[in-house]
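Worksheet: one structure, shown below.
The chains referred to below are lettered A, B, ... by the order of the sequence lines, with proteins before strands, and numbering in each begins at 1. The figures here come from the full heavy-atom set of this structure, side chains too, leaving out hydrogens, waters and symmetry mates.
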Number of protein chains: 2
Amino acid sequence: MNISAASKASGLPVKTVRYYADIGLVQAPSRSEAGYRTYDNASVRKLVFIRRSREFGFTIEECRELLGLYQDQDRTSAEVKRIASKRLEEIEEKQRELQSLHDELAHLVTSCRGDHRPDCPIIDYLG
Amino acid sequence: MNISAASKASGLPVKTVRYYADIGLVQAPSRSEAGYRTYDNASVRKLVFIRRSREFGFTIEECRELLGLYQDQDRTSAEVKRIASKRLEEIEEKQRELQSLHDELAHLVTSCRGDHRPDCPIIDYLG
DNA sequence: TCTTGACCTTCCAGTTACTGGAGAGATTAG
DNA sequence: CTAATCTCTCCAGTAACTGGAAGGTCAAGA
């Protein structure tokens with residue numbers, strides 16, 4: 001499999017596939033005689049694993065940890081759960097932030113007439 | 001006012017106050033004989049305006065626009081409302097994303113026993 | 001007067017996780 | 001044989017700062 005096939009199979013852009021090997025997140029792939037990267041199904045599975053982890057918002061370093069656990073037959077589910085719970089708390093924290101931001105901004109937007117005149121509660125609030 | 005006083009008064013780090021002038025978001029402040037930046041109340045008000053706008057998640061470019069409107073006596077509230085509504089929609093979009101992420105991850109975390117064994121629905125889901 | 005410590009300056013580099021593009025070699029279809 | 005498509009490496013840019021080094025300035029106290 002050349003890189004574009006691995007890209008399609010994994011759902012990651014070609015550039016990103018290269019990048020993940022550059023930073024050592026995945027093993028550097030073997031090369032063809034011409035120097036082309038070649039991928040097998042196992043590599044693609046790891047790339048998919050990373051893509052899904054990234055979609056959950058895990059950082060690259062967390063993906064590194066998770067991938068390590070994925071490949072470790074002696075892992076404990078406690079370790080995985082710890083990392084996932086941490087991410088879950090971050091998500092919840094972000095949700096709380098966004099909620100209060102939303103409420104405040106929604107209130108301002110509602111109370112702004114949005115006409116040709118300069119009076120504006122949004123500007124007043126910010127200034 | 002020297003930069004650290006302006007920093008305290010505006011609630012922005014010293015580095016950020018300098019940065020905002022470097023990128024032309026605010027006017028370059030006047031300098032003392034020794035080359036120290038000097039700030040007045042009007043500058044501080046603008047910095048506060050930017051800080052609040054940033055807290056709402058407006059980008060620097062949006063802050064530039066908003067600050068322009070803030071200082072424009074001939075602005076229309078419609079223009080301000082347009083920018084704020086756009087941001088509000090982004091927040092709502094992000095909230096929806098986070099909500100589905102949250103639900104999925106919370107479900108996985110709940111169903112993971114988190115013990116010493118390797119079996120883990122989180123890892124299974126990612127892989 | 002000297003010194004110490006807190007400020008201030010500029011400039012450069014690093015952060016996160018990619019993404020875009022240039023220039024050049026390889027491969028494949030027609 | 002040629003044109004299109006891949007692939008390679010390397011460099012730079014993104015957003016919005018943040019950290020740190022090297023060095024100048026200022027005010028207070030001994």
Side-chain angles (χ1 to χ4, degrees), chain A residues 1-26 28-40 43-44 46-67 86-87 90-91 94 97 101, chain B residues 1-26 28-40 43-44 46-67 86-87 90-91 94 97 101:
Chain A
M1 231 188 298
N2 279 348
I3 198 167
S4 67
S7 160
K8 267 158 207 151
S10 66
L12 288 169
V14 167
K15 282 258 179 186
T16 304
V17 174
R18 278 197 208 100
Y19 175 72
Y20 286 164
D22 284 351
I23 63 172
L25 181 53
V26 297
S30 52
R31 301 289 182 121
S32 73
E33 266 187 42
Y36 285 19
R37 292 168 178 82
T38 55
Y39 296 85
D40 56 15
S43 323
V44 168
K46 285 173 205 166
L47 290 170
V48 169
F49 183 93
I50 297 166
R51 177 174 58 73
R52 297 228 179 96
S53 304
R54 291 285 301 128
E55 284 166 2
F56 272 118
F58 290 107
T59 65
I60 292 290
E61 288 316 305
E62 286 163 344
C63 290
R64 212 185 285 274
E65 277 192 84
L66 287 170
L67 197 57
K86 176 166 156 284
R87 177 70 195 127
E90 288 165 4
I91 289 173
K94 192 78 194 165
E97 271 176 41
L101 235 49
Chain B
M1 231 188 296
N2 280 347
I3 198 168
S4 68
S7 160
K8 266 159 208 150
S10 66
L12 288 169
V14 167
K15 282 257 178 187
T16 303
V17 173
R18 278 197 207 99
Y19 174 71
Y20 286 165
D22 284 351
I23 63 171
L25 181 53
V26 297
S30 51
R31 302 288 183 121
S32 73
E33 266 187 43
Y36 286 19
R37 291 169 178 80
T38 54
Y39 296 85
D40 56 17
S43 323
V44 168
K46 285 173 205 167
L47 290 170
V48 168
F49 183 94
I50 296 168
R51 176 175 59 74
R52 298 228 178 97
S53 304
R54 291 285 302 129
E55 283 166 1
F56 272 118
F58 291 106
T59 65
I60 293 287
E61 287 316 305
E62 286 164 344
C63 290
R64 213 184 283 274
E65 277 192 84
L66 288 170
L67 197 58
K86 175 165 158 284
R87 178 71 195 125
E90 287 165 6
I91 289 173
K94 192 78 194 165
E97 272 175 41
L101 235 50

One should read off an interatomic distance between S43(B) OG and R37(B) CZ, to the nearest 0.5 angstrom, of 12.5 Å

May I ask you to test the R64(B)-T59(B) pair for a side-chain heavy-atom distance under 4.5 Å? no

Could you tell me whether E55(A) and R52(A) make a salt bridge, using a distance below 4.0 angstrom between a side-chain N and a carboxylate O? no

Report yes if some heavy atom in the side chain of I50(A) is under 4.5 Å from a heavy atom in the side chain of F58(A); otherwise report no. no

Phosphate OP1/OP2 of dT9(C): any R37(B) side-chain N/O under 4.0 Å: yes

Atom CD of E33(B) to atom P of dC7(C): distance rounded to whole Å? 22 Å

Establish whether the base of dC26(D) is bridged to the side chain of Y36(B) by a donor-acceptor pair shorter than 3.5 Å. no

Would you check if there is a donor-acceptor pair between the side chains of S30(A) and T38(A) at a distance under 3.5 Å? yes

Could you tell me whether K86(A) and E90(A) make a salt bridge, using a distance below 4.0 angstrom between a side-chain N and a carboxylate O? yes

To the nearest 0.5 angstrom, please state how far the CZ atom of R51(A) sits from the OH atom of Y20(A). 10.0 Å

Members of residues 50-66 of chain B that approach DNA chain C, where some heavy atom sits under 4.0 Å away: none

Below 4.5 Å, heavy atoms only, C-beta onward: do F49(B) and L66(B) meet side chain to side chain? yes

Within this structure, what is the CD1-to-C1' distance between I23(A) and dT15(C), rounded to whole angstrom? 14 Å

How many whole angstroms separate atom OH of Y39(B) from atom C1' of dT9(C)? 12 Å

May I have the distance from D22(B) (atom CG) to dC17(D) (atom P), rounded to whole angstrom? 12 Å

When you measure from every atom of DNA chain C, which of residues 1-20 of chain B have a heavy atom less than 4.0 Å away? N2(B), I3(B), S4(B), K15(B), R18(B)

